[in-house]
Amino acid sequence: MASVRLNNVGKIYENNVRAVSDVSIDIEDKEFIVLVGPSGCGKSTLLRMIAGLEDISEGTISINDKVVNQVHPKDRDIAMVFQNYALYPHMTVFENMAFSLKLRKFPKDEIEKRVGEAAELLDLAPYLQRKPKALSGGQRQRVAVGRAIVRQPAVFLFDEPLSNLDAKLRVQMRIELTRLHQRLGTTMIYVTHDQVEAMTMGDRIVVLNNGQMQQYDTPLNLYNYPKNKFVAGFIGSPAMNFFEGNLVRNGQLKFSNADLSVNLGGQRFSGISPEGDKIILGIRPEHLVPGPTPAEGSFIESVVQVVEPMGNETFIHCQTGASNFTVRTTKAETFRIGQKLQLLLNSDSVQLFNPADGANLTLV
């Protein structure tokens, strides 16, 4: 049972290199929180500060309302699962899972009980006498998770644990870790650069970029109500389409550039710039609908550049003038390279961003 609080946490390395800036988040007991962002955004550094493996330059980190800035890692009641598994190759699965308990002088019967329970939970019981080299990648990852489980910590930390697995195994392990969280009911903090992992696993997600927190919210809120252009472009696959243009007021508010003109509808936006000012329009690939030219509403005339059939849906990469963008459709028809395609654009699905700071100007 543990809550975790980060209050204005920062990390500065030598030569004044700042890796993390002013991050404040509250993690409730039993939550599954994901730290996500591109490589070098500071997510692993933040996780290592929670673990006590990195010194904290600024702010405080609390576990169960106790500040742990100066607390040794072994005394923080946390367990960490690393990207490379970090298993001892000369030890059996049982010995790897039991190692931390032996160091703490646990009784033999208690060690066997805890390892046995973890092995059953992770389907590792038949492999307890094998060594890591005789296991698959997924099995090794489960051993690393089992080694953390036997400690029965207050908080689990995961540092990109699935990045070394193939695509199919990553999906399987993603499901297994989610089920594990539901069974154990323990606070988990998970680092990944894969936004699909973040969206499918996290109760809430911290989006980081350049060491700064961009948004902390539920997966659906991040997708539907991104705080800024970075979050809008990072969360979602395929990514949101962006168009640079100007605001025009000609009886009603419009977005316009050399390639398209979009009616923006009613009072859906805040802090809108004066007419003629630059603006960025964003729209999700699924909100561009292939079809005949509508009698009313906005549409884009485009040319198909690349077609990616995905089975139950198709990604169409299109071009109109100098603008390239992606369409996601479930229409059961064949699209051809070079085909002219008319796309209906629903103005209610459009979001506007300030080009100066990337702030989302769309009212929630």
Side-chain angles (χ1 to χ4, degrees), residues 195 199 207 209 214-215 217-305 313-331 335 340-364:
Q195 54 94 15
M199 292 287 286
V207 182
N209 188 39
Q214 304 296 308
Q215 191 169 349
D217 215 328
T218 63
L220 286 181
N221 280 347
L222 288 175
Y223 190 82
N224 293 318
Y225 311 111
K227 185 178 179 180
N228 56 42
K229 181 174 178 283
F230 175 81
V231 176
F234 189 81
I235 298 295
S237 181
M240 179 180 279
N241 299 301
F242 296 109
F243 301 90
E244 296 183 357
N246 299 85
L247 288 172
V248 177
R249 286 181 173 88
N250 184 15
Q252 58 182 324
L253 191 65
K254 290 185 177 182
F255 168 90
S256 179
N257 67 15
D259 304 322
L260 66 151
S261 177
V262 179
N263 295 327
L264 296 175
Q267 304 298 315
R268 296 180 53 244
F269 308 102
S270 65
I272 287 293
S273 306
E275 179 176 357
D277 272 13
K278 299 289 185 182
I279 202 79
I280 296 174
L281 179 146
I283 188 162
R284 295 284 181 194
E286 62 269 26
H287 294 148
L288 292 168
V289 182
T293 303
E296 296 181 358
S298 301
F299 64 94
I300 302 175
E301 292 184 345
S302 66
V303 177
V304 176
Q305 300 292 309
E313 60 185 2
T314 301
F315 300 159
I316 314 167
H317 302 277
C318 299
Q319 182 176 22
T320 180
S323 301
N324 295 287
F325 55 94
T326 303
V327 178
R328 170 192 252 150
T329 181
T330 56
K331 285 197 170 187
F335 299 92
K340 291 184 178 180
L341 199 61
Q342 293 174 328
L343 303 164
L344 176 64
L345 187 155
N346 185 347
S347 62
D348 290 338
S349 302
V350 163
Q351 301 194 44
L352 295 184
F353 301 89
N354 186 331
D357 60 7
N360 194 341
L361 304 176
T362 312
L363 295 172
V364 174

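Note that the numbering runs from 1 along the sequence shown for the chain. Atom set for the values below is all heavy atoms of this structure, side chains included, hydrogens, waters and symmetry mates excluded.
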Which atoms form the tightest heavy-atom contact between Ala232 and Met240, and what is the distance?
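Of all heavy-atom pairs spanning Ala232 and Met240, the closest is O-CB, 3.5 Å.
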If I compare all heavy atoms of Ser237 with all of Gln195, which pair ends up nearest, and what's the gap?
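It is CB-NE2, 3.1 Å.
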With sequence neighbours excluded, residues passing side chain to side chain donor-acceptor pair (under 3.5 Å) with [X]:
X: His317; result: Glu308, Thr326
X: Glu244; result: none
X: Gln214; result: Asn228
X: Asn241; result: none

What residues form a ring-ring contact (aromatic ring centres under 6.0 Å, His included) with Phe230, not counting sequence neighbours?
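Phe234.
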By ring-ring contact (aromatic ring centres under 6.0 Å, His included), which residues pair with Phe255, not counting sequence neighbours?
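With neighbours one apart ignored, the set is empty.
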Please table the atom pairs, donor to acceptor, closer than 3.5 Å between any side-chain atom in residues 318-325 and protein atoms at least two apart or in another chain.
residue : atom : partner : partner atom : Å
Gln319  : OE1  : Gln305  : NE2          : 3.4
Gln319  : NE2  : Gly321  : O            : 3.2
Thr320  : OG1  : Glu301  : O            : 2.9
Ser323  : OG   : Asp259  : OD2          : 2.9

Taking only residues two or more places apart in sequence or in another chain, which ones pass salt bridge (Lys or Arg N to Asp or Glu O under 4.0 Å) with Arg328?
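Partners of Arg328 under the salt bridge (Lys or Arg N to Asp or Glu O under 4.0 Å) test: Glu286, Glu313.
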Is any side-chain heavy atom of Leu264 less than 4.5 Å from a side-chain heavy atom of Leu281?
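They are in side-chain contact.
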When you compare the side chain of Val262 with that of Ile283, does any pair of heavy atoms fall below 4.5 Å?
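No; the side chains remain at least 4.5 Å from each other.
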Please identify each residue that fulfils side chain to side chain contact (heavy atoms under 4.5 Å, CB included) with [X], with sequence neighbours left out.
X: Ser261; result: Lys254
X: Lys229; result: Phe242, Ile280, Phe353
X: Thr329; result: Pro290, Thr314, Ile316, Lys331, Phe335
X: Asn346; result: Asp348, Ser349

[atom1]/[X] to [atom2]/[Y] distance, rounded to the nearest 0.5 angstrom?
X: Asn224; Y: Gln351; atom1: CG; atom2: CD; result: 8.0 Å
X: Asn360; Y: Phe269; atom1: CG; atom2: CZ; result: 9.0 Å
X: Tyr223; Y: Asp217; atom1: OH; atom2: CG; result: 15.5 Å

Any side-chain to backbone donor/acceptor pair from Asn354 onto Ala359? Under 3.5 Å, distance only.
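Pair absent, no side-chain N/O of Asn354 close to backbone of Ala359.
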Checking the side chain of Thr362 only, and the main-chain atoms of Leu352 only, is there a donor and an acceptor separated by less than 3.5 Å?
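The answer is yes, because a donor-acceptor pair under 3.5 Å joins these two groups.
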